Amino acid sequence: PTHAGSFDLSFMRCIPEMVIMAPADENECRQMLTTGFLHDGPAAVRYPRGTGPGVEISDELTPLEIGRGEIRRQGSKVALLAFGAMLGPAMEAAEQLDATVTNMRFIKPLDGALIDRLAREHTVLVTVEDNAVAGGAGSAVSEYLSRHKLNTPVLHLGLPDLFSEQGRRDEILADYGLDSNGIIRALESWQSIT
């Protein structure tokens with residue numbers, strides 16, 4: 001339970017000038033490894049255990065622009081900010097929610113321009129990560145919003161403040177509501193009390 005990799009985004013975020021990336025698929029992982037290798041400074045690529053979604057791998061080793069996310073689906077009202085492997089469940093949930101989905105790619109530095117746009121065009125932002133919520137990617141988003149005086153409500157979905165049990169990755173994520181159904185349930189529950 002102490003070696004599940006649930007806290008690395010949280011403890012790496014406080015390191016000055018650290019670039020932290022989380023790939024959504026196998027090809028993006030290659031791009032991020034290239035980006036980190038070419039970057040003149042500390043960089044980390046965080047990816048989960050297991051297999052990727054099975055995307056086609058490019059022969060090119062093309063670096064990404066540091067600190068740039070991408071919109072993968074345009075929706076309305078709700079924006080799901082997916083970090084790393086959480087893109088898949090977020091995309092599935094978005095179909096039922098008619099939500100915008102972003103592949104954030106970078107935890108540090110965040111894509112501030114993208115967050116600004118999402119905050120202004122949506123009524124709620126939902127951060128989705130497979131890291132502890134405490135100090136993780138969602139916390140970075142809230143810190144950004146506060147620093148720039150953006151008052152869009154934010155729901156943070158991620159791992160709770162505990163050591164998780166052992167098990168298959170998909171089972172653990174489902175237990176903590178980080179599958180598509182869990183994302184939908186969490187948002188519906190949160191909206192009913194706000």
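Because the structure is a prediction, the values reported are computed rather than measured.
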Indicate yes or no: at least one non-hydrogen side-chain atom of Thr152 is less than 4.5 angstrom from one of Val124. no

Flag for Asn131-Ser10: side-chain donor and acceptor within less than 3.5 Å: yes

Would you mind telling me which of Arg185, Glu92, Gln96, Glu95 makes a side-chain hydrogen bond (donor to acceptor under 3.5 Å, both in side chains) with Ser180? Glu92

Is there a side-chain contact between Pro42 and Val19 in this structure, where contact means two heavy atoms from C-beta onward sitting under 4.5 Å apart? no

Please lay out, stage by stage, how Met91 and Arg73 fare under the test side chain to side chain contact (heavy atoms under 4.5 Å, CB included). CA-CA 8 Å; Met91 290 293 287; Arg73 181 187 193 282; 4.2 Å; yes

Which residues pass the salt bridge (Lys or Arg N to Asp or Glu O under 4.0 Å) test with Glu129, not counting sequence neighbours? none

Residue pair Arg13 / Glu143, side-chain heavy-atom distance below 4.5 Å: yes

Using the rule side chain to side chain contact (heavy atoms under 4.5 Å, CB included), only one of Leu97, Asp98, Thr100 pairs with Ser76; which is it? Asp98

Could you pull out all residues at least two apart from Glu65 that satisfy salt bridge (Lys or Arg N to Asp or Glu O under 4.0 Å)? Arg68

Do Met86 and Ile183 have side chains that get closer than 4.5 Å, going by heavy atoms? no

Could you see if Ile71 belongs to whatever hydrophobic cluster contains Leu150? Use Ile, Leu, Val, Met, Phe, Trp, Tyr and a side-chain cutoff under 4.5 Å. yes

A side-chain contact here means heavy atoms from C-beta on lying under 4.5 Å apart; do Leu118 and Leu81 qualify? yes

Carboxylate-amine/guanidinium proximity below 4.0 Å for Arg117 and Asp111: no

For residues Asp161 and Val133, determine if any side-chain heavy atom of one lies less than 4.5 Å from a side-chain heavy atom of the other. no

Please name all residues satisfying ring-ring contact (aromatic ring centres under 6.0 Å, His included) with Tyr144, sequence neighbours left out, ordered by chain then number. His148

Pairs meeting criterion ring pair (Phe, Tyr, Trp, His ring centres under 6.0 Å) with involvement of residues 81-136, two or more places apart: none

Enclosure of Phe37 CZ (heavy-atom neighbours >12, cutoff 6.0 Å): no

Rounded to the nearest 0.5 angstrom, the CG-NZ distance for Asn151 and Lys149 is 10.0 Å

State, yes or no, whether a side-chain contact exists between Pro23 and Val45 at a heavy-atom distance under 4.5 Å. yes

Taking side-chain contact (heavy atoms from CB on, under 4.5 Å) as the definition, give me every residue that meets it alongside Val154, ordered by chain and number, with sequence neighbours left out. Leu125, Thr127, Ser142, Leu145, His156

Quick check: closest heavy atoms across Val101 and Ala90, and the distance to 0.1 Å? CG2-O, 3.8 Å

With sequence neighbours left out, which residue pairs that include part of residues 20-31 fulfil the side-chain hydrogen bond (donor to acceptor under 3.5 Å, both in side chains) condition? Glu28-Asn103, Glu28-Arg105

Considering non-hydrogen atoms only, spot the tightest contact between Thr34 and Thr62 and give its length. CG2-C, 4.3 Å

Are the charged groups of Lys108 and Glu17 less than 4.0 angstrom apart, N to O? no

Given side chains that start at C-beta, do those of Leu173 and Asp179 come closer than 4.5 Å, heavy atoms only? no

